[in-house]
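Report on one structure; see the data block that follows.
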There are 2 protein chains.
Amino acid sequence: MNSPSDLQRSGRMRADARRNHERLLTAAVSAFSRHGVNASLDDIASQAGVGSATLYRHFPTRQVLVETVLEDRVDALCLRARQLLDEPSPVGALREWLVAVVEHSRTYRGLAAAQMALEISDTTDSDQIREAGEALLVRARKAGAVRPDIDVTDLLRLVNAVAWASEHTSAPSEQGERLLAIVIEGVQSRDPDRGERADT
Amino acid sequence: MNSPSDLQRSGRMRADARRNHERLLTAAVSAFSRHGVNASLDDIASQAGVGSATLYRHFPTRQVLVETVLEDRVDALCLRARQLLDEPSPVGALREWLVAVVEHSRTYRGLAAAQMALEISDTTDSDQIREAGEALLVRARKAGAVRPDIDVTDLLRLVNAVAWASEHTSAPSEQGERLLAIVIEGVQSRDPDRGERADT
DNA sequence: ACCTGAACACCGTTCAAGT
DNA sequence: ACCTGAACACCGTTCAAGT
């Protein structure tokens, strides 16, 4: 409660501060799209028409800025996971969501790398995403469709690595699909009797 | 022929130049070990007792310096691949070599990331490694042990991604093993009749 | 409170001057 | 030829001064 973002969402900020906050976010989205999450913070401040120190006041670290910009997308990704729990095929649902995770990690260049670096410290986003994925994974495991020794953290780390690798490629989307296909194959149970096979 | 490294290996350099070259390499190994491949080039020059401009003369880019430092290790890795062609189990051989590739990519912090970035442009090292891996993969494919749609470039990219991910972890070695196990499982044929299963 | 621009420390790279 | 240190441009961060 009473965290900065609470203050920002409610109308408690001074009018000029709230305006600067919005301008900084708009500028950040534009800069991240163009130059990736490591875009110059100075440029973002300039494009927003404020000094760099103002940016630091609103967003003390780059991580905070990135997470704020991505907030809606992360929420959507987690919602999608909950919706997919109703999908009849447990592996199909898991795969579909992992595709979405890869796409999410590729929203901006450098995001996958940033997420991997941050996973050592703990961030709210990764906890949220992990929790959402855990449900899908457990369901597939109980159906006998994925090997029992696969754990969410490992799986998401690997999927994030796939996103990172595919990003450094001329055709990120296709590359991501191919690498993810290998990973999905690797987590599924071998025994064809138990559980279902992946449908293409 | 007559490339700088040829000059350096033969005794054609001026005595002081050759001495500086060696000192720079020693300093680089030490700095890379301590701080990863992105270690300060200025520090390396200082530790070698030369000016930074001398470093740039010998090694125009960081990539050149890194590749020179790693030359012997890359040769050993490729030799190992050729030796493993005599191993009775094609998948076993492939897996053993991929473990070595992961370890290689973790020689210095940041190396896996650097390799991934460089793979877009072409470097001699990655060509060498790809060629060595191709032989092992083709053998396993012919034995029906790995799926026919797996290609070397994809596989090595994924394995490098595993090395990168595991590096950003408190227990890189164990993490690398676990993620690699998933990948290996993913490239193998599903049909238990064709080909052999992985032995633990 | 919030903003601002200047100052700071730290990169990698280049270049003129020296041997 | 080869080396050297100084200069340069570019980062992110901090801080004193202003409203």
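Naming: A, B, ... by sequence-line order, numbering from 1 per chain. A quick note: this is a predicted structure, and the numbers were derived from the prediction, not measured.
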### Task
Classify the ring geometry between B/Trp164 and A/Trp164 as parallel (under 30°), tilted (30 to 60°) or perpendicular (over 60°).
parallel
### Message
Can a side-chain donor-acceptor contact be found between A/Arg157 and A/Thr153 if the only test is distance below 3.5 angstrom?
### Response
no
### Message
Run the salt bridge (charged side-chain N to carboxylate O under 4.0 Å, His left out) test against A/Asp125 and tell me which residues pass, sequence neighbours left out.
### Response
none
#### Entry: Verdict with supporting geometry, A/Gln175 and A/Arg178, side-chain contact (heavy atoms from CB on, under 4.5 Å)
CA-CA 5 Å; A/Gln175 178 73 127; A/Arg178 289 213 304 277; 3.2 Å; yes
### Task
Send over the distance from A/Arg19 CZ to C/dA1 C1', rounded to a whole Å.
15 Å
### Summary
The side chain to side chain contact (heavy atoms under 4.5 Å, CB included) partner of B/Arg62 among B/Val64, B/Val66, B/Leu65 is B/Val66
### Query
OP1 or OP2 of C/dC2 less than 4.0 angstrom from a side-chain nitrogen or oxygen of A/His58, does that happen here?
no
### Task
Would you indicate whether the side-chain heavy atoms of A/Val29 and A/Tyr108 approach each other to under 4.5 Å?
yes
### Task
Quickly work out the A/His21 NE2 to C/dA1 P distance and round it to whole Å.
19 Å
### Nearest-0.5 Å distance, CZ of residue A/Arg109 to NE2 of residue A/His168
9.5 Å
### Summary
Given Watson-Crick and G-U pairs under 3.5 Å, DNA chain C in dot-bracket ([ ] crossing, | other strand) is ||.|||||...|||||.||
### Query
How does protein reach along nucleotides 4-19 of chain D, written 5' to 3' as B (base within reach of a heavy atom under 4.0 Å), S (only sugar-phosphate), or - (no contact)?
BB------SBBB----
### Message
So does B/Val102 get a backbone contact from the side chain of B/Ser105, meaning a donor-acceptor N/O pair under 3.5 Å?
### Response
no
